[in-house]
2 protein chains.
Amino acid sequence: MSTSAESGGADHRTSKREETARRITLSAQRLATEHGLDGFTMDELAEAAGVARRTLFNYYPSKVDACLGPRVDVPADAMEAFARGGPTGNLGADLEHLAREVLGVEEPTREEMVLHRQLFQIPRLVEAVHDRFAELAVDLQEAVRARGGEQLDQEGALLLIRVLLVVFDTAIDASIAGDDTPLPDLFSRHFGTIRRLLA
Amino acid sequence: MSTSAESGGADHRTSKREETARRITLSAQRLATEHGLDGFTMDELAEAAGVARRTLFNYYPSKVDACLGPRVDVPADAMEAFARGGPTGNLGADLEHLAREVLGVEEPTREEMVLHRQLFQIPRLVEAVHDRFAELAVDLQEAVRARGGEQLDQEGALLLIRVLLVVFDTAIDASIAGDDTPLPDLFSRHFGTIRRLLA
DNA sequence: AGTTTGCACTGCGTATCCGAAAGTGCAAAA
DNA sequence: TTTTGCACTTTCGGATACGCAGTGCAAACT
């Protein structure tokens with residue numbers, strides 16, 4: 001009873017809230033690709049999504065967040081598993097695993113890929129994607145230190161997540177440049193490259 | 001005869017030009033630490049250094065460059081050695097070697113260290129230092145590809161120099177935070193850390 | 001010769017103001 | 001409990017203005 005998810009239309013696959021959130025994001029993305037991020041107002045987005053302007057802010061804290069959709073975060077169980085030594089026990093491999101978990105929530109359809117390609121042409125959105133990953137990485141920093149398999153001070157953990165972020169950025173760049181490979185695979189590829197080069 | 005370096009006061013250790021350049025930089029650094037980067041004009045710097053305002057720009061292209069001193073670049077021979085397989089043959093070790101070559105031109109005196117500590121409190125100077133290293137890194141990117149010991153495409157080389165830059169930034173951060181270790185050693189330490197963590 | 005200097009010039013960066021739209025608090029309505 | 005309307009604050013982009021960084025050039029210097 002205490003946890004939500006059943007009251008209302010019980011058996012629908014997606015809750016009404018999720019549906020509205022999706023409708024908002026889709027509208028925002030369409031408007032952004034057609035007119036640019038500054039080419040539409042929140043009022044116009046509200047009308048397009050069929051909700052009140054105020055409601056938009058019940059779902060997303062900002063316009064760019066509306067375009068990007070709900071924030072994803074590292075699944076608690078995956079995080080916990082990592083903290084206690086991770087799936088494989090190898091730091092690099094486990095970090096990669098964690099990153100894929102975040103990036104690869106689900107296989108994108110072809111339409112979605114085309115849409116994403118267009119959205120990635122908008123610098124402020126790319127920047128926002130970067131920032132989101134950076135926030136996740138900060139959480140990771142603590143987890144890495146907690147795990148502590150290798151001797152690792154504050155600085156070392158910071159360095160590690162910075163490198164992770166650089167790998168992510170490079171993957172994003174490749175995606176922007178037209179590489180069709182799914183993001184998790186791009187990440188794995190570049191992560192593997194840097195591991196090989198530094199070995 | 002064609003190369004310079006002897007006409008004028010022949011046997012002095014430092015040429016007159018070097019001496020003037022140094023005087024300018026020292027004046028600029030003193031003014032910057034005392035009044036901030038925007039706390040003095042180029043006219044004032046000119047007077048402090050005992051040259052005409054116009055002359056400053058014969059030595060340095062900008063105010064921040066005047067504060068940082070002449071640009072250092074990778075010695076041609078070191079670069080060449082790297083390109084043909086480097087001192088050790090191991091990519092990581094050779095990159096580190098090259099970086100130390102650039103960072104460790106000469107041991108700083110204690111006074112210089114104190115001065116640098118103060119200069120690092122000025123964000124725009126830190127940013128400029130970062131940019132200088134980034135430019136060197138771009139040259140490195142080509143050299144790395146030319147060397148080609150490992151299979152390495154454009155993206156891979158880019159990723160590598162980005163990581164190098166992150167290591168450098170982390171070393172700078174440590175220095176700013178008060179770590180007295182000479183910069184080359186800081187770089188080596190962090191570079192070693194990331195190599196170990198990703199192995 | 002090459003280097004420094006003066007001077008006139010361009011242009012970049014910063015401060016300021018202003019209007020539009022982003023984002024927030026709150027209470028009524030659904 | 002969520003949505004909505006409304007009034008509110010804050011932030012951001014554009015326009016203007018100004019000071020100083022930075023440039024081109026030719027005369028003066030060494």
Side-chain angles (χ1 to χ4, degrees), chain A residues 1-10 12 14-25 27-28 31-32 35-68 70-71 122-125 127-128 131, chain B residues 1-10 12 14-25 27-28 31-32 35-68 70-71 122-125 127-128 131:
Chain A
M1 280 282 186
S2 57
T3 61
S4 57
E6 33 252 304
S7 59
H12 287 48
T14 61
S15 72
K16 184 166 184 177
R17 180 169 185 88
E18 283 169 353
E19 188 186 315
T20 302
R22 180 165 182 75
R23 200 171 62 247
I24 290 175
T25 297
S27 301
L31 286 171
H35 307 118
L37 205 47
D38 295 322
F40 67 99
T41 68
M42 292 302 269
D43 286 275
E44 294 170 318
L45 173 56
E47 181 174 353
V51 296
R53 175 188 132 88
R54 186 62 181 81
T55 304
L56 295 178
F57 293 100
N58 290 347
Y59 282 83
Y60 297 109
S62 75
K63 194 194 247 187
V64 291
D65 281 296
C67 291
L68 295 185
R71 286 176 182 268
I122 302 176
R124 281 165 57 193
L125 289 186
E127 187 184 344
D131 290 345
Chain B
M1 281 277 187
S2 58
T3 60
S4 57
E6 32 252 301
S7 58
H12 287 48
T14 60
S15 72
K16 183 166 183 178
R17 179 169 186 90
E18 283 168 354
E19 187 187 315
T20 303
R22 181 165 181 76
R23 200 171 63 247
I24 291 175
T25 296
S27 302
L31 287 170
H35 307 118
L37 204 47
D38 295 322
F40 67 99
T41 69
M42 292 303 267
D43 286 275
E44 294 170 319
L45 173 57
E47 183 174 352
V51 296
R53 174 191 137 88
R54 187 60 181 82
T55 303
L56 294 177
F57 293 100
N58 290 346
Y59 281 83
Y60 297 108
S62 76
K63 194 193 248 187
V64 291
D65 281 295
C67 291
L68 295 184
R71 286 175 183 269
I122 303 177
R124 280 166 56 192
L125 289 186
E127 186 185 344
D131 290 345

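A note on names: the letters A, B, ... follow the listed sequences, proteins ahead of strands, and every chain is numbered from 1. Values reported hereafter were calculated over all heavy atoms of this structure, with side chains retained and with hydrogens, waters and symmetry mates removed.
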Donor-acceptor check, side chain of Arg23(A) to backbone of Ala49(A), threshold 3.5 angstrom: yes or no? yes
Measure the distance from CG on Leu56(B) to C1' on dG6(C) and round it to the nearest whole Å. 14 Å
Between N or O atoms, less than 3.5 Å apart, protein on one side and nucleotides 10-18 of chain D on the other: list the pairs.
none

Considering all heavy atoms of both residues, which atom of Ser27(B) and which atom of Leu45(B) are nearest to each other, and what is their separation? CB-CD1, 3.7 Å
Only pairs under 3.5 Å count here: list side-chain donor-acceptor contacts from residues 55-63 of chain A, not counting sequence neighbours, and write none if there are none.
from	atom 1	to	atom 2	distance (Å)
Asn58(A)	OD1	Arg54(A)	NH1	3.3
Tyr60(A)	OH	Ala21(A)	O	3.3
Tyr60(A)	OH	Thr25(A)	OG1	2.7
Ser62(A)	OG	Asp65(A)	N	3.2
Ser62(A)	OG	Asp65(A)	OD2	2.7
Lys63(A)	NZ	Leu37(A)	O	2.8
Lys63(A)	NZ	Phe40(A)	O	2.7

Enumerate the protein-to-nucleotides 18-20 of chain C contacts in which both atoms are nitrogen or oxygen and the separation is below 3.5 Å.
none

Please report the end-to-end axis angle for the helix from dA1(C)-dT30(D) to dA30(C)-dT1(D), five pairs per end, rounded to 10 degrees. 60°
Could you tell me the separation between the CD1 atom of Ile24(A) and the C1' atom of dT2(D), rounded to a whole number of Å? 12 Å
Restricting to non-hydrogen atoms, name the atom on Ala32(A) and the atom on Ile122(A) that form the minimum distance, rounded to 0.1 Å. O-CD1, 3.7 Å
Please list, chain by chain and in numerical order, all residues satisfying salt bridge (Lys or Arg N to Asp or Glu O under 4.0 Å) with Asp38(B), sequence neighbours excluded. Arg124(B)
NZ of Lys16(B) to CD of Glu19(B), rounded to nearest 0.5 Å, is 8.0 Å
Nearest-angstrom distance from the residue atom CG of Leu45(A) to P of dT4(D): 13 Å
Establish, with yes or no, whether the OP1 or OP2 oxygen of dT3(D) is under 4.0 angstrom from a side-chain nitrogen or oxygen of Tyr59(A). yes
Flag if over 12 foreign heavy atoms under 6.0 Å of CD, Glu44(A): yes
Between CZ of Arg23(A) and C1' of dT2(D) the distance, given in whole Å, is 14 Å
Can you see which heavy atom on Leu31(B) is nearest to which on Ala48(B), and at what distance? CD1-CB, 4.3 Å
At under 4.0 Å between heavy atoms, how does the protein contact nucleotides 21-30 of chain D? Give one character per nucleotide, 5' to 3', with B, S or -. BBBBB-----
Between CD of Glu47(A) and C1' of dG5(D) the distance, given in whole Å, is 16 Å
